[in-house]
Amino acid sequence: MKVSQIAQILRAEVRCGEENLDLDISYAVASDMMSDVLVCNDADRLLITGLCTVHTVLTAQILDLRAVVFVRSKRPTPEMIEVAQQNGIAILCTDMSMYNACGELYKHGMKGRARPDGTD
Amino acid sequence: MERTEKETTYQETRRVQKGDFAAAGQISASYKNMLKRLGVDSKVVRRLAIASYEAEINLAIHTLGGSMTIIVYPDHIFLVVEDTGPGIADIALAMQEGYSTAPEEVRMLGFGAGMGLPNMKRCSDTFEITSELGSGTTIRMGFNLLN
């Protein structure tokens, strides 16, 4: 699914990384625990989270993720935007809850990937 | 790790201060950039960066402070993580996924789920951990560049 479609489905504001809008991302992981996100090293994933800290963006950087969605109306700080821009990570912000954001993306065909063996 | 200095492509040691969670991750991010510049395979870079990030977070959260040393050879990378305490009482227990002694404030920041040590082992090709209460913990991880 293209990042632009993800933004449209989630009615999300793209805060940075517009150059990634045409990128395809195959899977998603949703968690507020970065420890759990780090367990799978597949880079072809969208991170959906309500944890809005610089360590969220750092986690995306370490994992080579290309896009992060902040749910529940969380808004990134200028520092977070700067780190994301430096590392080519798109930041999307939606007012949807984690549950609804995941549900909408799942309904449109995006599957999860969270475990070390690549399953969900 | 019995190698001659002549073979070494790159080596650096950096300190991690006790409780400095805000800075945790910067060393791992710099390793990632450096290894990319050296042309190391991106999958190996990612595995090493994850293991390093977990170790760096652990040093800030759980220890009295410590250091991270990366040694790059043409065919191998070693990452050595050392701290000055307090040490791990039961390594087998600490290696179990989900076991954590992290305080609530760390969990609120998205870490301390008890996945760090097992994830370091999973991401590295070789993994050794030794620990002594009162003295500290040493973790040695190896990453093969020839696979």
Side-chain angles (χ1 to χ4, degrees), chain A residues 23 25-27 29-45 47-66 68-72 74 76-89 91 98 113-119, chain B residues 20-36 40-58 60-62 79 97-125 143:
Chain A
L23 283 182
I25 298 180
S26 305
Y27 302 97
V29 56
S31 181
D32 287 353
M33 286 300 282
M34 296 302 106
S35 291
D36 289 333
V37 176
L38 285 161
V39 166
C40 176
N41 72 9
D42 191 336
D44 187 16
R45 295 186 299 162
L47 170 57
I48 306 162
T49 183
L51 183 78
C52 195
T53 72
V54 75
H55 283 95
T56 308
V57 185
L58 265 174
T59 300
Q61 180 192 351
I62 292 292
L63 287 168
D64 291 324
L65 306 184
R66 298 276 61 93
V68 176
V69 174
F70 289 115
V71 296
R72 304 196 294 268
K74 306 287 183 191
T77 62
E79 183 195 4
M80 291 165 63
I81 295 286
E82 192 183 331
V83 175
Q85 282 173 330
Q86 284 167 357
N87 292 284
I89 300 164
I91 299 281
M98 176 90 93
R113 178 162 283 185
R115 294 181 191 276
D117 63 1
T119 64
Chain B
D20 194 4
F21 184 79
Q26 289 176 5
I27 296 173
S28 304
S30 74
Y31 286 167
K32 187 163 194 182
N33 292 334
M34 179 265 293
L35 294 172
K36 273 186 189 170
V40 176
D41 178 77
S42 63
K43 286 182 180 168
V44 177
V45 173
R46 186 153 65 240
R47 282 196 289 120
L48 186 142
I50 294 169
S52 169
Y53 190 43
E54 297 275 22
E56 198 177 344
I57 295 278
N58 270 6
I61 293 173
H62 292 293
L79 186 60
E97 289 195 352
Y99 176 79
S100 176
T101 57
E104 185 58 27
E105 61 263 31
V106 168
R107 291 172 193 250
M108 295 292 285
L109 293 167
F111 291 90
M115 307 302 275
L117 285 173
N119 209 20
M120 283 180 230
K121 186 176 181 183
R122 189 183 298 119
C123 288
S124 53
D125 294 312
F143 302 85

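Small disclaimer: the values here were computed from a predicted structure and weren't measured. Reminder, nothing fancy here: chain letters follow the sequence lines and each chain counts from 1.
- When each of Lys43(B), Met115(B), Arg46(B) is scored by its heavy-atom pairs under 4.5 Å with chain A, the top score falls to Arg46(B).
- When the side chain to side chain donor-acceptor pair (under 3.5 Å) test is applied to Asp44(A), the partners found at least two apart in sequence or on another chain are Ser26(A).
- Taking all atoms of both residues into account, the shortest heavy-atom contact from Ile62(A) to Ala29(B) is CD1-N, 4.1 Å.
- For chain B, the nearby parts of Thr59(A) are the backbone and the side chain; heavy atoms of each come within less than 4.5 Å.
- Heavy-atom pairs under 4.5 Å with chain B peak, among Leu63(A), Asp32(A), Asn87(A), at Leu63(A).
- With sequence neighbours left out, Asp125(B) forms a side-chain contact (heavy atoms from CB on, under 4.5 Å) with Arg47(B), Phe143(B), Asn144(B), Asn147(B).
- With a 4.5 Å cut-off on non-hydrogen atoms, Tyr53(B) touches chain A through its side chain but not through its backbone.
- The closest donor-acceptor contact from the side chain of Asn119(B) to the backbone of Leu38(A) lies under 3.5 Å.
- When each of Thr53(A), Val39(A), Val37(A) is checked for heavy-atom pairs under 4.5 Å with chain B, Val39(A) comes out on top.
- The two residues Glu54(B) and Ser35(A) come nearest to each other via the heavy atoms OE2-O, 4.4 Å.
- Between the side chain of His55(A) and the backbone N or O of Ala24(B), at least one donor-acceptor pair lies under 3.5 Å.
- Chain A forms the most heavy-atom pairs under 4.5 Å with one residue out of Leu109(B), Asn33(B), Val45(B), and that residue is Leu109(B).
- Closest approach of Lys32(B) to Gln61(A), counting heavy atoms only: NZ-O, 2.6 Å.
- Interface residue Asn41(A): backbone and side-chain heavy atoms are both found under 4.5 Å from chain B.
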message: Is there a side chain to side chain contact (heavy atoms under 4.5 Å, CB included) between Met34(A) and Ile57(B)? Walk through the geometry before answering.
response: CA-CA 11 Å; Met34(A) 296 302 106; Ile57(B) 295 278; over 6 Å; no

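- Heavy-atom pairs under 4.5 Å with chain A were tallied for Ala113(B), Ser100(B), Ser42(B); the largest tally goes to Ala113(B).
- Put simply, CD on Glu56(B) and CG on Leu58(A) are 8.5 Å apart, with the number rounded to the nearest 0.5 Å.
- Contact annotation for Tyr31(B): neither backbone nor side-chain heavy atoms come within less than 4.5 Å of a heavy atom of chain A.
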